[in-house]
Every structure is written in structure tokens, then in C-alpha cells.
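Note sheet for the following structure.
Just the heavy atoms: all of them, side chains too, but no hydrogens, waters or symmetry mates, feed the values below.
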Amino acid sequence: MQQPPPPPYNPPPGEPPTEPTRRVAEPAAAAAPVEREYALDPELADKIDRASFWSKFGSAAAVAAAILGVIALVIALDARDKADSNANDGGQSPQLRSDVDQLQSDVSKLERQASSGQDSGDVSSQLSDIEDQLKQISDDQQQAQQDISSLQQDVSQLTDRVDQVEQAQEDAAAGGP
């Protein structure tokens, strides 16, 4: 059977209370009157609101970027695992393998040419050919200029001759000598 709890201890009226029954804090005095109310400058309040908004926005953007980064990392790791498993299983298409082999052979061919210096000889011979072509074009242009000048002189002479013939016909028609 259970025993009832002991009654609370009440000290006799003249004794000071013991430690556990002493008040922790004295009752608070009446609140001090407010000497002055502070008003916040509207521009300052607006600046604080904007700074708060942009800090919250920046935090949200950083969290979103972190989440997207984790998602991209997971996708990249998954793609790498799939690529590794395809390479190990021989799951690459024959066309892709042939393209890769062709690129590797092209790269090795270019490396050999670069190391042997064939490209510099080819480039200098191509440059020499281009210089010869430029010289030929320049000579052709000079010849064309000379031909044009000659044709202009011929046209001028023919125009003068036509004028003379027309003048002679007019004189003959007018009954002149």
C-alpha cells in the first residue's frame, strides 16, 4: 500500500526561511518611465529592409546553387559509372570506336609531321607558290591597265575621226567645196 506524501514544511513564524524556500528574486519595482521615444529614419529603414531582402535572397540563391551542384555531381558520377561499365562491357558502338580510332591516327600523324618538320617545308613551298601567284596577278593588272589606256586613246581617236566624218558630210550636204 502507498503512503501519502508528507505535508509541506511550514517554518514557525519568527524563524528565517531555509535556503530552498528563500525567494530567488525580489519583486520587480515599477517599470521606469520611458524618457524619450526613438523614431527610425525612413531612409535608414528602407536601406535596412533592402539589405535584409538581398541577404535573404543571396542566402536562398546560395542554397539553390549548392543543391544544383550536388545534383550535377550525382549526375556526373552516375554518367561516369555508366561510361566505365560500358567500356568494360564493350558496349560502345562500332561507329564510335571507329571515329575514335580515326582521330587517334590523325593526331599521331600530326605529331609525326610536327616532329619531323615536314610542315615547315610544306608551308614554305606553299608560301613561295602564293608569292609567284601574287607576282603574276600584279603583272596581269599592269598589262590590263596598259590595255585600258590604249583602248581609251583608240576610242578618243575614233570619236575625233567620227566627228570629222560627220563634219565633212554636213559640209558636202550644204554644198560646200
Testing the 3.5 Å rule here: is there a donor-acceptor pair between the side chains of Asp106 and Gln102? yes
From Arg161 CZ over to Thr159 OG1, what is the distance, rounded to the nearest 0.5 angstrom? 13.0 Å
Can you confirm whether Gln164 is buried at CD, in the sense that more than 12 heavy atoms of other residues, nucleotides or ligands lie under 6.0 Å from that atom? yes
Can you check whether Ser55's main-chain N or O pairs, donor with acceptor, with Ser59's side chain at less than 3.5 Å? yes
List the steps and the verdict of side chain to side chain donor-acceptor pair (under 3.5 Å) for Gln136 and Asp140. CA-CA 6 Å; Gln136 182 64 37; Asp140 290 345; 3.1 Å; yes
Could you tell me whether a side-chain N or O of Ser138 sits under 3.5 Å from a main-chain N or O of Leu134, the two making a donor and an acceptor? no
More than 12 heavy atoms of other residues, nucleotides or ligands under 6.0 Å from CZ of Phe53: yes or no? yes
Say whether Ile67 and Ile75 are linked into one hydrophobic cluster, either directly or through other cluster members, by side-chain heavy-atom distances under 4.5 angstrom. yes
Say whether Gln143 and Asp139, considering side chains only, have a donor N or O and an acceptor N or O under 3.5 Å apart. no
For the pair Ser150 (side chain) and Gln146 (backbone), establish whether a donor and an acceptor sit closer than 3.5 Å, ignoring hydrogens and angles. no
How far does CD1 of Ile137 sit from CD of Gln133, to the nearest 0.5 angstrom? 6.5 Å
Ile48 backbone acceptor or donor facing Ser52 side chain under 3.5 Å: no
Could you grab the distance from atom CD of Gln152 to atom CD1 of Ile148, nearest 0.5 Å is fine? 7.0 Å
Spacing of Leu73 atom CG and Leu68 atom CG [to the nearest 0.5 Å]: 12.5 Å
